[in-house]
Amino acid sequence: MSKYKVLVTDYTYNTLEPEREILEKVGATLITAQCSTEDEVIEAAQGVDGIMNQYAPISRKVIDTLPNCRVISRYGVGFDTIDLNAATERGIMVCNVTDYCIDEVSNHAFALLIAGARKIVKHNKEVKSGNWDYKLGGPVFRLNGRTLGLIGLGNIPKALAKKAQAFGLKVIAYDPYVHVETAEAINVDLVDLETLCQESDYLSVHAPLNNNTIGMVSDAEFNLMKTEAFIINTSRGLVIDESALIKALQAGKIAGAGLDVLETEPLSSNNPLIKMDNVFLSPHSAYYSIESELELKRKTAQNIADALIGKIPKYLVNKGVCKNNQSTF
């Protein structure tokens, strides 16, 4: 008989065998669901000791129905699907995986930048339509000497900065939580958000989603940007005010956008972004590679396994929970 019961609230993976293998080592049984609402999570999670979560909402309403749950581990870097305050109040550990896709996301962001800079998508469309004319993709600017602005300077944008600098781009960043010395060590200039918007030729968004970052790039920010600026988002869709972005694109206030994340996913078929030739879209896939997915699955499960046997998980978010439960850890 198993010691523990662990629920996967929802998943898009072909297999959960890597998770099952890790959890079985500590005597845990894995149960699965495909929840999309709070009520569905509540029904599926009765009596569980741990939860692994992808996109389903783990709200206060859900957490208040989990008397036995010790740990919630999210598949990903962000943990905005989980009410962190409610979990902490209940003494539930919340974990994420912060380092599984640094290379993939930084590569994806740079791929969107290159596609926008070199007008790859536009040229491809014109050539396939029978138009062999390089001028149809103009204007095209030399990368060397242009400026990449980063919103956020965590692990992923740091990796992106290094790749961009190899192409001769100057890199600036806005991140109120990063020390100047940290940025200077990687040849990045820290600036305020207004300066970032004014000076960036390419602006890449890497902020986590929280109450301070929802809609942080909106009308005021787009009004400051260069008309040839290209914005990239591989973090969370809600960091950019999508209606403001659409207005800016329609009015020609910026040159284009490369978006891996949107306010609503999947994207509605009547969203104006779909019909814009200067907007490149991917299906929240920046994190993905065969290797990164396997790493994510194993580390997400290991967070659960460690918590269940009384160890502090490596990727614990709410570290204060351990201080409040010192007899357990």
By salt bridge (charged side-chain N to carboxylate O under 4.0 Å, His left out), which residues pair with E221, not counting sequence neighbours?
none
Spatial distance of atom CG (L30) from atom CD (E17) [nearest 0.5 Å]:
8.5 Å
Look only at the side chain of K5 and the backbone of Q46, and say whether a donor-acceptor pair between them is shorter than 3.5 Å.
yes
Between A44 and I31 the two heavy atoms that sit nearest each other are O-CD1, 4.0 Å
Verdict with supporting geometry, T213 and R236, side chain to side chain contact (heavy atoms under 4.5 Å, CB included)
CA-CA 10 Å; T213 63; R236 286 291 186 269; over 6 Å; no
Under 3.5 Å side-chain donor-acceptor pair for D260 and S282
yes
Y134 versus H123, closest heavy-atom pair with distance
O-CE1, 3.1 Å
Applying side chain to side chain donor-acceptor pair (under 3.5 Å), name anything that partners Y315, two or more places apart in sequence or on another chain.
D99, K299
Backbone N/O of S200 and side chain of K226: donor-acceptor pair under 3.5 Å:
no
Just by distance, with hydrogens left out, do N270 and S268 show a side-chain donor and acceptor under 3.5 Å apart?
yes
More than 12 heavy atoms of other groups within 6.0 Å of R60 CZ
yes
Does the side chain of D192 come under 3.5 Å of the side chain of T195 through a donor N or O and an acceptor N or O?
yes
Is there a side-chain contact between Y55 and R74, using heavy atoms and a 4.5 Å cut-off?
yes
Would you mind reporting whether L143 and I114 have side-chain heavy atoms less than 4.5 Å apart?
yes
Going hydrophobic residue to hydrophobic residue with side-chain gaps under 4.5 angstrom, can you get from F280 over to I246?
no
Strictly distance-based, threshold 3.5 Å: is any side-chain N or O of T37 a donor or acceptor partner for the main-chain N or O of E40?
yes
Which pair of non-hydrogen atoms, one from L23 and one from A301, has the smallest distance, and what is that distance?
CD2-O, 3.9 Å
Take F141 and D201 through the side chain to side chain contact (heavy atoms under 4.5 Å, CB included) test and state the conclusion after the steps.
CA-CA 10 Å; F141 299 97; D201 297 294; over 6 Å; no
Side-chain heavy-atom pair N210, D80 within 4.5 angstrom cut-off:
no
Common cluster, L203/L193, ILVMFWY with side-chain heavy-atom separation under 4.5 Å:
yes
Before giving the answer on side chain to side chain contact (heavy atoms under 4.5 Å, CB included), spell out for T65 and V41 the whole-Å C-alpha distance, their side-chain angles and the decisive distance to 0.1 Å.
CA-CA 10 Å; T65 67; V41 176; over 6 Å; no
Say whether Y75 and E19, considering side chains only, have a donor N or O and an acceptor N or O under 3.5 Å apart.
yes
Of V8, T9, D10, T12, which is the lone residue that meets side-chain contact (heavy atoms from CB on, under 4.5 Å) with Q34?
D10
A side-chain contact here means heavy atoms from C-beta on lying under 4.5 Å apart; do Q54 and T81 qualify?
no
Separation between OH of Y287 and CG of L296, rounded to the nearest 0.5 Å:
7.5 Å
Let me have the donor-acceptor pairs involving side chains of residues 152-164, under 3.5 Å, with sequence neighbours excluded, atom names and distances please.
| unit_1 | atom_1 | unit_2 | atom_2 | d |
| --- | --- | --- | --- | --- |
| K163 | NZ | D103 | OD1 | 2.8 |
| K163 | NZ | S106 | OG | 2.7 |
| K163 | NZ | N107 | OD1 | 2.7 |

Please determine if K314 and D306 form a salt bridge, counting it only when a charged side-chain N lies under 4.0 Å from a carboxylate O.
no
So, does R70 use its side chain to make a donor-acceptor pair with the main chain of D49 at under 3.5 Å?
no
In sequence, state the C-alpha distance, the side-chain angles, and the governing distance for K122 and E126, and then conclude on salt bridge (charged side-chain N to carboxylate O under 4.0 Å, His left out).
CA-CA 6 Å; K122 175 67 172 174; E126 294 295 344; 2.9 Å; yes
To the nearest 0.5 Å, atom SG of C35 lies from atom CG of L7 at 6.0 Å
Interatomic distance, L267 atom CG to I274 atom CD1 [nearest 0.5 angstrom]:
4.0 Å
Quick one: pull up CD1 in I22 and NZ in K297 and give me the separation to the nearest 0.5 Å.
10.0 Å
Using a 3.5 Å distance criterion without hydrogens, assess whether the side chain of E38 forms a donor-acceptor pair with backbone atoms of S59.
no
Strictly distance-based, threshold 3.5 Å: is any side-chain N or O of E104 a donor or acceptor partner for the main-chain N or O of S289?
no
Main chain of C95, side chain of N303: is a donor-acceptor contact present, judged purely on distance under 3.5 Å?
no
For N14, look at atom CG and say whether over 12 heavy atoms of other residues, nucleotides or ligands are found less than 6.0 Å away.
no
Can L262 be reached from L245 by stepping across I, L, V, M, F, W or Y side chains whose heavy atoms are under 4.5 Å apart?
yes
Side-chain donor/acceptor of N278 to backbone N/O of A255, under 3.5 Å
yes
Identify the two heavy atoms, one from L190 and one from A183, that lie closest to each other, and give their separation to 0.1 Å.
CG-CB, 3.6 Å
Starting at CG of L209, measure out to CZ of F79 and round the result to the nearest 0.5 Å.
10.0 Å
Cluster check L148, I231: I/L/V/M/F/W/Y, side chain < 4.5 angstrom:
no
In terms of side-chain geometry, is the basic nitrogen of D83 or K61 positioned less than 4.0 Å from the acidic oxygen of its partner?
no
For the residue pair V62 and P57, what are the closest heavy atoms and their distance?
CG2-O, 3.7 Å
Are any non-hydrogen side-chain atoms of R298 and Q302 less than 4.5 angstrom apart?
no
Between L150 and D175, does the side chain to side chain contact (heavy atoms under 4.5 Å, CB included) criterion hold? Intermediate values first, please.
CA-CA 8 Å; L150 304 171; D175 192 325; over 6 Å; no
Would you mind reporting whether E228 and R146 have side-chain heavy atoms less than 4.5 Å apart?
yes
Side chains of C69 and I51: closer than 4.5 Å at any heavy-atom pair?
yes
Minimum heavy-atom separation for L249 and G256, please, with both atom names.
CD2-CA, 3.7 Å
Are Y100 and V77 side-chain neighbours, meaning at least one heavy-atom pair lies under 4.5 Å?
yes
Do F230 and V261 belong together in a cluster built from hydrophobic side chains that touch within less than 4.5 Å?
no
For the backbone of T98 and the side chain of N96, can you confirm whether one donor and one acceptor N or O come within less than 3.5 Å of each other?
no
Return yes if some donor-acceptor pair links the side-chain N/O of N318 with the main-chain N/O of V321 below 3.5 Å, else return no.
no
